[in-house]
Amino acid sequence: MFGAFRQSSILSGGLLWKTPWRLSPTRKANQRKRLKQVDSVISAVAQSGITTRSLEKALALPMESEMNPRDKYTTFSKHHRGYRKSQHKVPKWTRLTLRENPKGF
């Protein structure tokens, strides 16, 4: 309890990594900005005249302006109620392409 080996407030506070259950407006704006930056890179590479399989896959993805808000901020999850999960709950969500979901979800 007391002395050299007492618990810190972090250790007695529950979860170490506390993530909010809802995306804040700032995080949503940053997500939209990331999507727009990726769209601009894809269009710049496409205009350069290079053709690759990965570029064809990237061009098949919807652009940020074509996506509805539900797809921008959530992704499919078979384990969650409603089969949707907020993107910030996905590990490494800022580095993944989460633009496509199964039809009907």
Side-chain angles (χ1 to χ4, degrees):
M1 283 287 181
F2 302 108
F5 300 107
R6 67 177 180 262
Q7 283 187 338
S8 66
S9 61
I10 294 172
L11 291 176
S12 63
L15 291 174
L16 179 60
W17 305 111
K18 293 178 171 52
T19 57
W21 67 279
R22 179 184 294 175
L23 276 174
S24 68
T26 308
R27 282 182 155 200
K28 284 185 178 183
N30 288 340
Q31 171 66 358
R32 286 191 304 273
K33 188 170 122 182
R34 263 193 300 276
L35 289 170
K36 289 175 186 173
Q37 287 175 343
V38 169
D39 290 340
S40 67
V41 169
I42 290 171
S43 64
V45 172
Q47 288 176 357
S48 69
I50 298 172
T51 56
T52 62
R53 191 176 316 141
S54 59
L55 180 62
E56 291 173 10
K57 284 183 183 179
L59 289 171
L61 293 172
M63 294 183 67
E64 187 268 339
S65 58
E66 299 169 353
M67 295 172 70
N68 61 355
R70 186 176 185 200
D71 289 336
K72 287 182 194 178
Y73 310 121
T74 62
T75 187
F76 175 77
S77 173
K78 65 180 180 180
H79 302 293
H80 284 74
R81 188 172 24 134
Y83 301 104
R84 281 284 175 159
K85 168 177 167 173
S86 188
Q87 281 189 349
H88 73 291
K89 298 287 188 178
V90 178
K92 297 184 172 64
W93 68 284
T94 58
R95 297 181 225 164
L96 298 175
T97 301
L98 301 170
R99 294 186 187 219
E100 286 189 328
N101 293 298
K103 285 190 175 183
F105 294 100

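Numbering starts at 1 and runs along the sequence shown.
- Checked by atom type, the side-chain pair Arg34/Gln37 shows no donor-acceptor distance below 3.5 Å.
- Considering only residues two or more places apart in sequence or on other chains, Ser40 meets the side chain to side chain contact (heavy atoms under 4.5 Å, CB included) condition with none of them.
- In this structure the side chain of Val38 reaches within 4.5 angstrom of the side chain of Arg99, judged on heavy atoms.
- Every pair tested for ring-ring contact (aromatic ring centres under 6.0 Å, His included) that includes a residue from residues 42-61 fails, sequence neighbours excluded, so the list is empty.
- The two residues Gly82 and Arg70 have their closest heavy-atom pair at O-NH2, 4.4 Å.
- Counting only heavy atoms from C-beta outward, the side chains of His88 and Trp21 never approach each other to under 4.5 Å.
- Taking the ring pair (Phe, Tyr, Trp, His ring centres under 6.0 Å) definition, one finds that Phe76 meets it with Phe105, sequence neighbours left out.
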Donor-acceptor list for residues 54-65 side chains, cut-off 3.5 Å, not counting sequence neighbours:
from: Ser54; atom 1: OG; to: Thr52; atom 2: OG1; distance (Å): 3.3
from: Glu64; atom 1: OE2; to: Lys72; atom 2: NZ; distance (Å): 2.8

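- In the hydrophobic clustering, Met67 connects to Leu35, either directly or through intervening members, whenever side-chain heavy atoms lie under 4.5 Å apart.
- If you take CG on Asn68 and OH on Tyr73, they are separated by 10.5 Å, rounding to the nearest 0.5 Å.
- Under the rule for a side-chain hydrogen bond (donor to acceptor under 3.5 Å, both in side chains), the partners of Asp71 that lie at least two apart in sequence or sit in another chain are Arg84, Asn101.
- Interatomic distance, Glu100 CD to Thr75 OG1, rounded to the nearest 0.5 Å: 10.5 Å.
- Atom-to-atom distance recorded for Arg27:CZ and Thr94:OG1 is 10.0 Å, nearest 0.5 angstrom.
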